[in-house]
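Read the structure below first, then the notes.
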Amino acid sequence: MHWYEDDGFWSDFSGTMFSERRRADVESLVTDSPLLDFPAGSRVLDLCCGPGLYLVPLARRGCEVTGVDLSAAMLERADAACAAAGADVRLVRADMLTHVEPETYDVVLNLFTSFGYFDDPLDNERVLRNAHDSLVPGGRLLVDVMGKEVLAGWIGRPQLVELDGGAYVVQRDTVLDSWTRLRTDWTLVRDGEARESSITSFLYSAAELRALFESAGFTDVRCYGGFDGGPYDNHSKRLIVTGTRPEGTS
Ligand SMILES: C[S@@+](CC[C@H](N)C(=O)[O-])C[C@H]1O[C@@H](n2cnc3c(N)ncnc32)[C@H](O)[C@@H]1O
């Protein structure tokens with residue numbers, strides 16, 4: 001089994017990735033971000049939606065939202081979050097490597113470093129092609145990752161995150177293959193027991209991810225350093241790349 005197929009990993013480490021604080025931050029992002037300012041009625045696919053932090057606020061602003069994820073546990077949480085909020089969202093269990101719904105969406109989102117998971121670089125490019133094919137002509141893809149340049153600013157310092165109930169997570173990063181990939185080792189300590197997991201994924205510079213978008217058929221490819229729509233520069237915390245499926249492509 002590949003690390004990203006392990007439901008236990010996403011569930012065990014969800015306290016750091018999908019905290020209540022992040023859920024509240026995402027609500028504000030969807031309200032304020034010029035990059036997420038979609039007109040009511042837009043058909044939006046949240047690819048790798050996890051427990052649905054973006055699904056509810058997107059539905060609230062009037063988008064027709066679909067969430068796709070491989071993890072049954074994450075989809076259950078997304079379903080519960082949508083039900084609690086009264087948000088009408090379609091949820092689909094599928095692998096981003098194969099999931100295509102031809103010419104169905106105005107927007108495809110891939111958020112919070114949900115890209116670059118496959119060992120074969122061509123598979124990661126295929127995910128972008130799938131997104132391209134799922135978009136209507138003129139539709140836009142947005143991918144949000146930790147850029148290679150951003151990571152270079154703080155790599156090497158282990159991070160400690162304290163969770164509710166006295167649990168904590170230690171995260172250590174190791175650069176592999178001459179800055180091609182990153183391994184992150186996670187240790188969760190709860191009730192005196194440690195649970196370890198490692199994940200390995202591709203790292204992209206802005207130029208690399210832009211080139212990948214272009215080779216998957218996107219035009220008007222733009223790079224941003226955050227959801228405020230600012231430039232990708234030495235102050236950036238994220239790398240956000242957007243691109244358009246050109247008109248007249250099939
Ligand atoms: C880092 S989380 C991000 C979740 C969400 N986008 C967010 O902003 O909170 C990555 C998600 O990708 C899902 N995932 C991993 N591999 C996948 C695959 N091959 N196809 C679809 N989803 C996948 C995981 O189950 C997890 O929910």
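Counting convention: from 1, in listed order, for ligands and their atoms alike. Position 1 is the first residue of the sequence, and the numbers go up from there.
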For Arg140 and Thr242, test the side chains for any donor-to-acceptor distance below 3.5 angstrom and give the result as yes or no.
yes
Is there a donor in the side chain of Arg43 and an acceptor in the side chain of Thr66, or the other way round, less than 3.5 Å apart?
no
Measure the distances from the heavy atoms of Pro51 to every atom of ligand 1 and state whether one is below 4.0 angstrom.
no
Could Arg22 and Phe112 be counted as a cation-pi pair, given that NZ or CZ must be under 6.0 Å from the ring centre and within 45° of the axis?
yes
With a heavy-atom distance limit of 4.0 Å, tell me whether Met74 approaches ligand 1 through its side chain, its backbone, both, or neither.
side chain
Glu5: heavy atom below 4.0 Å from ligand 1, yes or no?
no
Short list, please: which atoms of ligand 1 are under 4.0 Å from a heavy atom of Asp95?
18 (C), 19 (N), 20 (N)
Within the structure, does Cys48 bring an N/O atom to less than 3.5 angstrom of an N/O atom in ligand 1?
yes
Establish whether Leu36 and Val56 are linked, either directly or via other cluster members, by ILVMFWY side-chain heavy-atom contacts under 4.5 Å.
no
Element-labelled atoms of ligand 1 that are located less than 4.0 Å from some non-hydrogen atom of Arg22
7 (C), 8 (O), 9 (O)
At their closest point, which heavy atom of Tyr168 faces which heavy atom of Leu160, and how far apart are they?
CD1-CD1, 3.4 Å
Leu111: heavy atom below 4.0 Å from ligand 1, yes or no?
yes
Any N or O of Tyr117 closer than 3.5 Å to N or O of ligand 1:
no
Can you check whether Leu53 has an N/O within less than 3.5 Å of an N/O in ligand 1?
no
